[in-house]
J.: 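First, the structure itself, so that you have it in front of you.
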There are 2 protein chains.
Amino acid sequence: MPQSKKINPEEILKHHELKATPQRIEVLSTFLKRNQVMSLAELNKMLGKEFDRITLYRTLNTFEEHGLIHKIPDSNGNINYALCKHESLDHSHNDNHIHFQCTSCNLTVCLEELEIPIIRIPKKFNPVKYIFLIEGICEDCDGKVKKHKGLV
Amino acid sequence: MPQSKKINPEEILKHHELKATPQRIEVLSTFLKRNQVMSLAELNKMLGKEFDRITLYRTLNTFEEHGLIHKIPDSNGNINYALCKHESLDHSHNDNHIHFQCTSCNLTVCLEELEIPIIRIPKKFNPVKYIFLIEGICEDCDGKVKKHKGLV
DNA sequence: TGATATATGCAACAATGTTTCATTTGGTTA
DNA sequence: TAACCAAATGAAACATTGTTGCATATATCA
């Protein structure tokens with residue numbers, strides 16, 4: 001049995017000053033269950049087609065505004081969603097890390113330990129938010145390619 | 001009169017081993033005319049509604065594959081397009097710079113002089129492409145806000 | 001000029017974003 | 001506990017964009 005403290009979706013929602021509706025609890029539970037980055041399509045799939053898509057759309061916006069999740073856009077214009085770490089029960093907003101996405105299998109991960117470096121930009125641009133995505137090939141896909149080419 | 005050397009869309013296309021069709025010439029000319037980042041909507045607007053949107057879709061893909069333009073995704077999943085500098089007549093592919101986008105007016109600019117810093121990531125992730133976008137407020141919008149608040 | 005590989009334009013469909021509005025409901029207060 | 005109300009939900013409706021298949025048109029080259 002994992003020694004994680006009991007994480008209660010209702011508590012988290014209330015802590016973020018959000019009404020604990022069944023729909024929000026369901027969405028948040030889905031994030032907690034799959035502790036990884038999810039695309040909208042994956043979310044839709046996990047929630048089932050009975051779940052109203054407009055409600056999901058608004059729920060995601062609300063969660064983002066309140067710092068429960070952050071968006072990870074990729075170069076195709078697809079948006080992935082991830083729980084903000086340390087967000088389960090406190091308010092600190094930390095999505096200021098680098099993300100990696102495999103262009104082959106679309107695996108997307110938060111590299112929590114890698115903060116985005118601060119860059120000086122011309123002073124006529126007032127920075128607020130930094131987005132740093134590294135696209136490439138993950139270990140698994142790399143392995144498959146090499147295997148396929150007879151290199152392993 | 002600007003002292004720019006004559007830039008011929010047809011030459012550029014042929015240089016990139018692309019057939020110089022009227023549609024491609026029109027799209028490329030639009031990029032050359034407005035020497036700035038454009039969204040799909042802006043492109044559509046400038047080309048006029050007679051221009052077939054599927055042709056534009058494919059033209060943009062082709063241009064990107066051949067290194068004439070690069071895509072700049074933002075956190076809303078919108079993709080902006082920009083000519084690759086120094087791309088007009090040679091092959092070097094240089095979209096490895098930081099971008100800035102104003103969240104108020106959507107102005108998007110290439111900070112050509114700012115290269116994306118190389119970051120060490122866990123070796124199970126094989127990096128290929130780096131995307132670094134800074135979102136914030138541009139000078140103009142900042143000015144408007146301050147004016148509106150009576151701070152200036 | 002003729003051949004041909006490629007590009008275009010159209011149809012068709014899917015996914016997603018976004019707003020409006022009537023209805024429902026969680027949280028709070030009397 | 002009951003009632004109230006601000007907020008959330010769900011349905012409809014519409015727009016934008018991505019994407020593929022296929023018949024036709026055409027840029028390029030021999």
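Labels below follow one simple rule: chain letters A, B, ... track the order of the sequence lines, proteins then strands, and each chain is numbered from 1.
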J.: Starting at atom NZ of B:Lys49, determine the distance to atom C1' of C:dG9, rounded to an integer number of angstrom.
T.: 18 Å
J.: Rounding to an integer number of Å, can you tell me how far B:Arg24 CZ sits from C:dG9 P?
T.: 11 Å
J.: With a 4.0 angstrom cut-off to heavy atoms of chain B, pull out the first and last contacting nucleotide of DNA chain D, in 5'-to-3' order.
T.: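 From 5' to 3', the first and last contacting nucleotides are D:dT17 to D:dT28.
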J.: My understanding is that a hydrophobic cluster links ILVMFWY residues whose side chain heavy atoms are under 4.5 Å apart, including indirect links. Using that, what else belongs to the cluster containing A:Ile131?
T.: B:Val37, B:Ile72, B:Leu133
J.: How many angstroms lie between atom CG of B:Leu40 and atom CG of B:Asn80, to the nearest 0.5 angstrom?
T.: 9.5 Å
J.: Under 3.5 Å, which N/O atoms of the protein pair with N/O atoms of nucleotides 24-30 of chain C?
T.:
{"unit_1": "C:dG27", "atom_1": "OP1", "unit_2": "A:Ala20", "atom_2": "N", "d": "3.0"}

J.: When rounded to the nearest 0.5 angstrom, what is the spacing between OG1 in A:Thr59 and CD in A:Glu26?
T.: 10.0 Å
J.: Got a list of side-chain donor-acceptor pairs under 3.5 Å for residues 99-107 of chain B, not counting sequence neighbours?
T.:
{"unit_1": "B:His99", "atom_1": "NE2", "unit_2": "B:His70", "atom_2": "NE2", "d": "3.2"}
{"unit_1": "B:His99", "atom_1": "NE2", "unit_2": "B:His97", "atom_2": "NE2", "d": "3.0"}
{"unit_1": "B:Gln101", "atom_1": "NE2", "unit_2": "B:Asp74", "atom_2": "OD2", "d": "3.2"}
{"unit_1": "B:Gln101", "atom_1": "NE2", "unit_2": "B:Thr108", "atom_2": "OG1", "d": "3.1"}
{"unit_1": "B:Thr103", "atom_1": "OG1", "unit_2": "B:Gly136", "atom_2": "O", "d": "3.3"}

J.: For B:Arg58 and C:dT8, give me the distance from atom CZ to atom P, rounded to whole Å.
T.: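 Those two atoms, CZ and P, are 8 Å apart.
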J.: Kindly compute the distance separating CD1 (A:Ile25) from OG1 (A:Thr30), expressed to the nearest 0.5 Å.
T.: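 These two atoms lie 11.5 Å from each other.
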J.: Do B:Ser75 and B:Glu135 have a side chain donor and acceptor closer than 3.5 Å?
T.: yes
J.: Show the numbers, then the answer: is there a side chain to side chain contact (heavy atoms under 4.5 Å, CB included) between A:Phe63 and A:Leu13?
T.: CA-CA 9 Å; A:Phe63 280 10; A:Leu13 288 170; 3.7 Å; yes
J.: Under 3.5 Å between N/O atoms: give me all the protein pairs with nucleotides 12-18 of chain C, atom names plus distance.
T.:
{"unit_1": "C:dG17", "atom_1": "N7", "unit_2": "A:Arg53", "atom_2": "NH1", "d": "3.1"}
{"unit_1": "C:dG17", "atom_1": "O6", "unit_2": "A:Arg53", "atom_2": "NH2", "d": "2.5"}
{"unit_1": "C:dT18", "atom_1": "OP2", "unit_2": "A:Tyr57", "atom_2": "OH", "d": "3.0"}
{"unit_1": "C:dT18", "atom_1": "O5'", "unit_2": "A:Tyr57", "atom_2": "OH", "d": "3.2"}
{"unit_1": "C:dT18", "atom_1": "O4", "unit_2": "A:Arg53", "atom_2": "NH2", "d": "3.3"}

J.: Does any non-hydrogen side-chain atom of A:Met38 lie less than 4.5 Å from one of A:Met46?
T.: yes
J.: Assess the residue pair A:Arg58 and A:Ile54 against the criterion (side chain to side chain contact (heavy atoms under 4.5 Å, CB included)); give the C-alpha distance rounded to whole Å, side-chain angles, the decisive distance to 0.1 Å, and a yes or no.
T.: CA-CA 6 Å; A:Arg58 283 189 283 224; A:Ile54 290 97; 3.2 Å; yes
J.: Report the residues that fulfil salt bridge (Lys or Arg N to Asp or Glu O under 4.0 Å) with A:Lys71, sequence neighbours left out, ordered by chain and then residue number.
T.: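 Salt bridge (Lys or Arg N to Asp or Glu O under 4.0 Å) list for A:Lys71, sorted by chain: A:Glu64.
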